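All values derive from a computational prediction rather than experimental measurement.
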Number of protein chains: 2
Amino acid sequence: MQSEQEILRQYLKENGLRRTPEREHILQEIFATHEHFDVDELYLRLCQKGVKISKASIYRALRLFLDCGLIREVDFSDGHWHFEHIYGHNQHAHLRCLGCGEIVEFEDPNLTLLQGQLGRDYHYQIVSCHLEVKGYCATCGKTREKSL
Amino acid sequence: MQSEQEILRQYLKENGLRRTPEREHILQEIFATHEHFDVDELYLRLCQKGVKISKASIYRALRLFLDCGLIREVDFSDGHWHFEHIYGHNQHAHLRCLGCGEIVEFEDPNLTLLQGQLGRDYHYQIVSCHLEVKGYCATCGKTREKSL
DNA sequence: AAATTATTGCAACCGAGTCGCAATAAAGAT
DNA sequence: ATCTTTATTGCGACTCGGTTGCAATAATTT
């Protein structure tokens with residue numbers, strides 16, 4: 001099992017791209033936690049650690065990481081991009097509270113089954129599978145009931 | 001079973017909002033097909049039918065239709081919003097080809113089951129459930145194999 | 001060490017979506 | 001029917017996430 005750094009370096013070499021400290025800093029920061037992140041958060045975290053880097057470079061690096069399959073987009077329908085790193089993560093989906101924004105990650109074995117089934121039924125080679133469920137958590141649900 | 005027009009009118013009345021020809025034109029155009037759409041497409045279709053309307057009003061109307069549950073967002077991760085009308089549509093998910101852009105809609109009874117289960121497990125009141133699967137269709141998959 | 005060229009940071013730019021405002025027009029009251 | 005109230009419209013200006021052109025920098029190859 002390769003580390004994410006090794007995967008990146010291999011991808012760079014195979015595509016005639018260059019290994020730079022910026023890219024490695026960004027990658028390291030992404031894999032420092034298992035949280036979802038967006039560009040601003042990532043930028044802030046890097047600044048706080050004293051890493052000087054421009055947002056443009058972060059955007060460019062993220063596109064690169066998407067291409068080599070180290071991260072993936074997560075849709076929170078709030079008008080900007082969110083990401084999560086994939087490597088070492090299991091297939092999982094999100095349950096998000098429309099009230100407080102809490103995010104529950106859950107795994108569903110059926111999802112894996114469904115992927116295989118879809119692939120066969122429609123002769124598709126599946127690349128990604130995103131399940132985003134929205135609703136109200138117990139607390140927010142109760143608050144809502146009162147105000148309706 | 002009410003028509004979508006009736007649902008809209010009821011919602012407007014209940015919320016002290018007004019019934020306008022613009023809103024009804026937009027709604028009618030949305031339900032004229034069962035296709036997904038984005039703002040530009042919708043705007044174009046309305047223009048072609050001789051309906052004079054501004055994009056700002058379309059954006060505002062769509063937010064309204066989202067609120068009253070007549071349409072929902074679909075995430076194609078291409079940087080802008082897509083929608084589909086819900087009313088009269090069954091719960092369904094999308095399988096999209098990353099090569100040619102073909103979109104297959106499919107229904108999965110397991111999704112409905114999963115919703116109920118999630119609601120119970122996490123004490124969530126589920127509002128929406130989006131499954132977006134991406135991959136390569138048979139044709140594009142073959143083309144890709146050759147070029148790799 | 002020199003040559004080549006990918007990458008960076010900056011700032012200008014792009015475009016989807018929003019918003020303030022004056023003009024218009026629904027809906028209810030008289 | 002007319003008046004009053006106020007939601008809605010269209011316009012254009014604006015916001016802001018994300019992209020891009022370019023000159024300077026720096027990673028790799030020879």
Side-chain angles (χ1 to χ4, degrees), chain A residues 5-6 8-30 36-47 50-68 71-83, chain B residues 5-6 8-30 36-47 49-68 70-83:
Chain A
Q5 302 274 356
E6 285 165 347
L8 175 61
R9 288 178 190 176
Q10 189 181 327
Y11 183 88
L12 292 174
K13 184 156 261 178
E14 280 170 3
N15 291 274
L17 303 173
R18 289 176 187 171
R19 177 178 157 185
T20 68
E22 286 82 0
R23 286 176 176 161
E24 307 219 324
H25 278 132
I26 298 172
L27 187 63
Q28 191 183 353
E29 193 53 44
I30 289 174
H36 312 109
F37 61 93
D38 61 27
V39 171
D40 282 342
E41 286 164 24
L42 191 56
Y43 177 68
L44 211 65
R45 278 161 56 191
L46 285 162
C47 286
V51 178
K52 271 280 274 171
I53 205 161
S54 72
K55 281 197 189 171
S57 295
I58 294 184
Y59 279 108
R60 287 188 274 231
L62 291 180
R63 233 186 308 167
L64 178 67
F65 299 163
L66 281 172
D67 287 343
C68 56
I71 63 175
R72 69 170 193 177
E73 277 181 71
V74 187
D75 171 37
F76 290 159
S77 305
D78 66 347
H80 68 272
W81 292 5
H82 294 255
F83 304 89
Chain B
Q5 303 273 356
E6 285 163 347
L8 175 60
R9 288 179 191 176
Q10 190 181 328
Y11 182 89
L12 292 174
K13 185 157 259 174
E14 281 169 4
N15 290 274
L17 304 173
R18 291 177 186 170
R19 176 178 158 187
T20 68
E22 287 81 0
R23 287 175 176 162
E24 307 219 325
H25 278 132
I26 298 172
L27 186 62
Q28 190 182 354
E29 192 54 44
I30 289 173
H36 312 110
F37 61 93
D38 61 28
V39 172
D40 282 342
E41 285 163 24
L42 191 56
Y43 178 68
L44 212 65
R45 277 163 55 193
L46 285 162
C47 286
K49 299 209 173 167
V51 179
K52 271 281 273 173
I53 206 161
S54 72
K55 281 196 189 171
S57 295
I58 295 184
Y59 279 108
R60 288 188 274 229
L62 291 180
R63 232 187 307 169
L64 178 67
F65 298 164
L66 282 171
D67 287 344
C68 55
L70 284 164
I71 62 174
R72 68 170 194 178
E73 278 182 69
V74 187
D75 171 37
F76 290 160
S77 304
D78 66 347
H80 67 272
W81 292 5
H82 294 254
F83 304 89

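When each of A:K52 and B:K55 is assigned the nucleotide of DNA chain C with its nearest heavy atom, A:K52 is the one assigned upstream, toward the 5' end. The 5' end of DNA chain C is approached more closely, in terms of each residue's nearest nucleotide, by A:I58 than by the other of A:I58 and B:K13. Heavy-atom nearest nucleotides on DNA chain D were determined for A:T20 and for A:G79, and the one closer to the 5' end corresponds to A:G79.
One interatomic measurement links the two molecules: CG of A:N15 to P of C:dT7, which rounds to 10 Å at whole-angstrom precision. The CG-P distance, from A:L62 to D:dG17, rounds to 15 Å in whole Å. Atom CZ in A:R60 sits about 15 Å away from atom P in D:dG18, given to the nearest Å. Rounded to an integer number of Å, the gap from CD1 of A:I53 to C1' of C:dT8 is 9 Å. Protein atom OH of B:Y59 is 16 Å distant from nucleotide atom C1' of D:dA13, rounded to whole Å. Distance A:Y11 OH to C:dT7 P: 11 Å, rounded to the nearest Å. One can place NE2 of B:H25 at 12 Å from P of D:dG10, the figure rounded to the nearest angstrom. Spacing between atom CG of B:D38 and atom C1' of C:dA16 amounts to 11 Å, rounded to whole angstrom units.
Side chain of A:L17, nearest nucleotide from D:dG17, C:dC10, C:dT7: C:dT7. Checking C:dA26, C:dT4, C:dG17 against every side-chain atom of A:R18, the shortest atom distance belongs to C:dT4. Closest to the side chain of B:R23, out of D:dG17, D:dT8, C:dT18, is D:dT8. The side chain of A:S54 lies closest to C:dG9 when the candidates are C:dG9, C:dC19, D:dG17.
Scanning all heavy atoms of the two residues, the minimum distance from B:L12 to B:R23 falls at CD2-NH1, 3.7 Å. In plain terms, the two heavy atoms of B:Y43 and B:I53 that are nearest each other are CE1-O, 3.1 Å.
A:R9 is linked by a side chain to side chain donor-acceptor pair (under 3.5 Å) to A:E24, counting only residues two or more places apart in sequence or in another chain.
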**OP:** Please step through side-chain contact (heavy atoms from CB on, under 4.5 Å) for the pair A:E73 and A:D75, ending with a clear verdict.
**Re:** CA-CA 6 Å; A:E73 277 181 71; A:D75 171 37; over 6 Å; no
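For D:dG18, one of the phosphate oxygens OP1 or OP2 lies less than 4.0 angstrom from a side-chain nitrogen or oxygen of A:W81.
Taking the six-membered ring for Trp and thresholds of 30 and 60 degrees, A:H36 and A:F76 have ring planes more than 60 degrees apart, a perpendicular arrangement.
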